[in-house]
Amino acid sequence: MKLLSIVVPCYNEQEVLPMFYEEITRVTDQMKKDFPELDFEFLFINDGSKDRTLEIFHELADKDSRVRYISFSRNFGKESGMYAGLQNAKGDFVVVMDADLQHPPAFLPEMYSYVRNGEYDCATTRRTSRKGESKIRSWFAMKFYKIMNKISQTEIVDGAQDFRFMTRQMVDSILEMTEYNRFSKGIFSWVGFKVKYMPYENVERPAGTTSWSFWGLFKYSLEGIMAFSTAPLALSIFLAILTGCASLVMYILAIVGACAEVFNVPLLLIIATVLLVGAFNLGCTGILGMYLGKTYMEVKKRPVYIVGETEETYRQRKAAKN
Ligand code: UDP
Ligand code: MG
């Protein structure tokens, strides 16, 4: 028998969770018929939800023994949720997917067909269009992938998602990356392996709301760039050469001007130059500071998440009560 772990990070998903559970059990029941060698476990992660998400986990754990869950002590972010899921999944295969049905469970049989015979190590979906997304957002997303792929050796495919069906081998490789600042899109790609991209049209959430604001996405993209590229650090060297050359030209002009009394560099120009160089300086220090901050967090070696309760402690508690 082969075990497939279905890892689902959830943050305030009370509206869609029942729908998700219904759909995932429908798909897995069918898969059980088509691939009798498969067993399933559902590993839900409660990422510090403030709504009824955890209670729904209790209800699911009561009625379905395949349901496992990990509940965090507070909100740690989706990256931590995925990490906890991968760390605790017991499966020979692991799939990570969103709870909001934007990663349609109907893809699972096809994904499994690519991975089961070792033809691929990972099957994932790839958005072919950005329909239903604002123009500005699409533009920034496009630019992000362009910049990212230019300055980093880790290629990140435009439209790639966190909906990943992976072999145990790939999951173990991902777990070897124990960094605190986790950027999964990069991590998935960094570990390599043979990946099957399955094109698909984006679907809207049937209920609930996305927890990503534009600002949140922007910060996340900076996170990605810093996690997988040190090119911004080299920017200061480029600027140093640029300003160095410019100042050399000015010195020459000033000397020539003083000798021939042709130029009289006005005060404003001097101030502007000083300000410009100062701005470059501050900017570079800022970039340096951002990386230093990341390094500082990394050096602390803090856990990526903290467990509040799991389905095991819940079941024990219930058994002790009865
Ligand atoms: N999520 C999470 N922790 C967070 C934010 C989101 O576990 O802090 C989960 C969320 O419940 C969902 C998935 O991550 O299952 C994707 O979130 P969302 O739908 O808000 O993002 P989007 O699809 O808009 O990228
Ligand atoms: Mg979503």
Side-chain angles (χ1 to χ4, degrees), residues 5-24 42-57 60 67-89 94-108 124-127 129-134 136-138 140-141 144-145 156 158-165 180-188 200-221 223-224 304-308 310:
S5 303
I6 297 169
V7 169
V8 192
C10 304
Y11 177 58
N12 295 341
E13 296 289 12
Q14 60 175 17
E15 266 108 57
V16 284
L17 257 178
M19 280 186 245
F20 175 81
Y21 179 74
E22 196 179 309
E23 176 66 10
I24 195 79
F42 306 116
L43 179 51
F44 293 99
I45 315 293
N46 173 30
D47 186 11
S49 300
K50 294 179 181 66
D51 64 356
R52 289 192 62 253
T53 297
L54 183 58
E55 281 138 72
I56 297 175
F57 286 2
L60 296 179
V67 169
R68 296 175 57 208
Y69 72 80
I70 295 168
S71 183
F72 289 174
S73 56
R74 62 168 170 85
N75 180 254
F76 279 88
K78 186 187 173 187
E79 290 290 342
S80 303
M82 290 197 287
Y83 187 59
L86 293 179
Q87 259 189 343
N88 291 280
V94 181
V95 59
V96 182
M97 61 198 300
D98 288 359
D100 58 10
L101 293 170
Q102 285 190 297
H103 296 166
F107 272 97
L108 293 182
T124 182
T125 52
R126 180 181 176 184
R127 285 174 72 160
S129 79
R130 296 195 156 266
K131 264 208 306 240
E133 196 181 65
S134 78
I136 312 178
R137 209 169 167 141
S138 300
F140 271 98
F144 167 73
Y145 287 110
I156 297 181
D158 187 1
Q161 293 178 309
D162 297 338
F163 186 11
R164 301 261 167 174
F165 194 119
Y180 178 79
N181 295 291
R182 302 189 73 79
F183 182 70
S184 282
K185 279 197 168 118
I187 291 176
F188 286 137
Y200 104 117
E201 286 272 327
N202 189 39
V203 285
E204 298 285 319
R205 251 177 188 274
T209 48
T210 170
S211 34
W212 286 102
S213 62
F214 183 77
W215 178 234
L217 275 178
F218 184 71
K219 279 201 299 202
Y220 185 61
S221 61
E223 192 81 27
V304 175
Y305 60 90
I306 288 169
V307 177
T310 66

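Position 1 is the first residue of the sequence; numbering continues from there. First listed ligand is number 1; within each ligand, the first listed atom is number 1. Just so it is clear, the model here is predicted, and its values are computed rather than measured.
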Counting non-hydrogen protein atoms only, what is the nearest one to atom 18 (P) of ligand 1? Give residue, atom name and distance. R205 NH2, 3.6 Å
Which atoms of ligand 1 sit under 4.0 Å from any heavy atom of N75? 4 (C), 8 (O)
Return the closest protein heavy atom for atom 11 (O) of ligand 1 as residue, atom name and distance. E13 OE2, 2.6 Å
side-chain contact (heavy atoms from CB on, under 4.5 Å) test vs Y83 passes for just one of V304, I45, N88, namely V304
Please could you name the atoms of ligand 1 that D47 approaches to less than 4.0 Å, counting only its heavy atoms? 2 (C), 3 (N), 4 (C), 7 (O), 8 (O)
Ring-face cation contact, F72 with R74, 6.0 Å cut, 45° max: no
Can an N, O or S atom be found in D98 less than 2.8 Å away from the Mg ion (ligand 2)? no
Looking only at protein heavy atoms, which one is nearest to atom 19 (O) of ligand 1, and how far off is it? D100 OD2, 2.6 Å
Test of ring centre spacing under 6.0 Å for Y220 and F183: yes
Closest to atom 16 (C) of ligand 1 among protein heavy atoms sits D98 OD2, 3.1 Å
Taking all non-hydrogen atoms of both residues into account, name the closest pair between M82 and D162 and its distance. CE-OD2, 3.7 Å
Among all protein non-hydrogen atoms, which one is nearest to atom 21 (O) of ligand 1, and what is the separation to 0.1 Å? W212 CD1, 3.0 Å
Note: ligand 1 atoms sitting under 4.0 Å from heavy atoms of A99 are 15 (O)
Only heavy atoms count here, so choose which of K78, Q161, Q102 is nearest to atom 14 (O) of ligand 1. K78
For C10, the ligand 1 atoms whose distance to one of its heavy atoms is below 4.0 Å: 7 (O), 11 (O)
of all protein heavy atoms, closest to atom 1 (N) of ligand 1 is Y11 CB, 3.7 Å
I24 vs V8, test: side-chain contact (heavy atoms from CB on, under 4.5 Å). Steps then yes/no. CA-CA 11 Å; I24 195 79; V8 192; over 6 Å; no
Are F140 and F214 close enough that their ring centres sit under 6.0 Å apart? yes
Report yes or no: does D98 contribute a side-chain atom to a donor-acceptor pair with the main-chain N or O of D100 at less than 3.5 Å? no
Applying side-chain hydrogen bond (donor to acceptor under 3.5 Å, both in side chains) between S184 and each of R164, Q161, E79, K78, report the one that passes. E79
Would you say T210 has any N or O atom under 3.5 Å from an N or O of ligand 1, going by distance alone? yes
Which one holds for I45 and ligand 1: side chain close, backbone close, both close, or neither close, with close meaning a heavy atom under 4.0 Å? neither
What protein heavy atom lies closest to atom 15 (O) of ligand 1? Include the residue and the distance to one decimal. P9 O, 2.8 Å
Taking the Mg ion (ligand 2) as the apex, Q102 OE1 and D100 OD2 span an angle, rounded to 10°, of 100°
Pair F44 + F57: ring centers closer than 6.0 Å: yes
Closest protein heavy atom (residue, atom, distance) for atom 5 (C) of ligand 1: S211 OG, 3.2 Å
For G81, is the nearest heavy atom under 4.0 Å from an atom of ligand 1? no
Give the minimum heavy-atom separation between P104 and M97, together with the two atoms involved. C-CE, 4.3 Å
Test log, rule side-chain contact (heavy atoms from CB on, under 4.5 Å), inputs I306 and F76: CA-CA 8 Å; I306 288 169; F76 279 88; 3.9 Å; yes
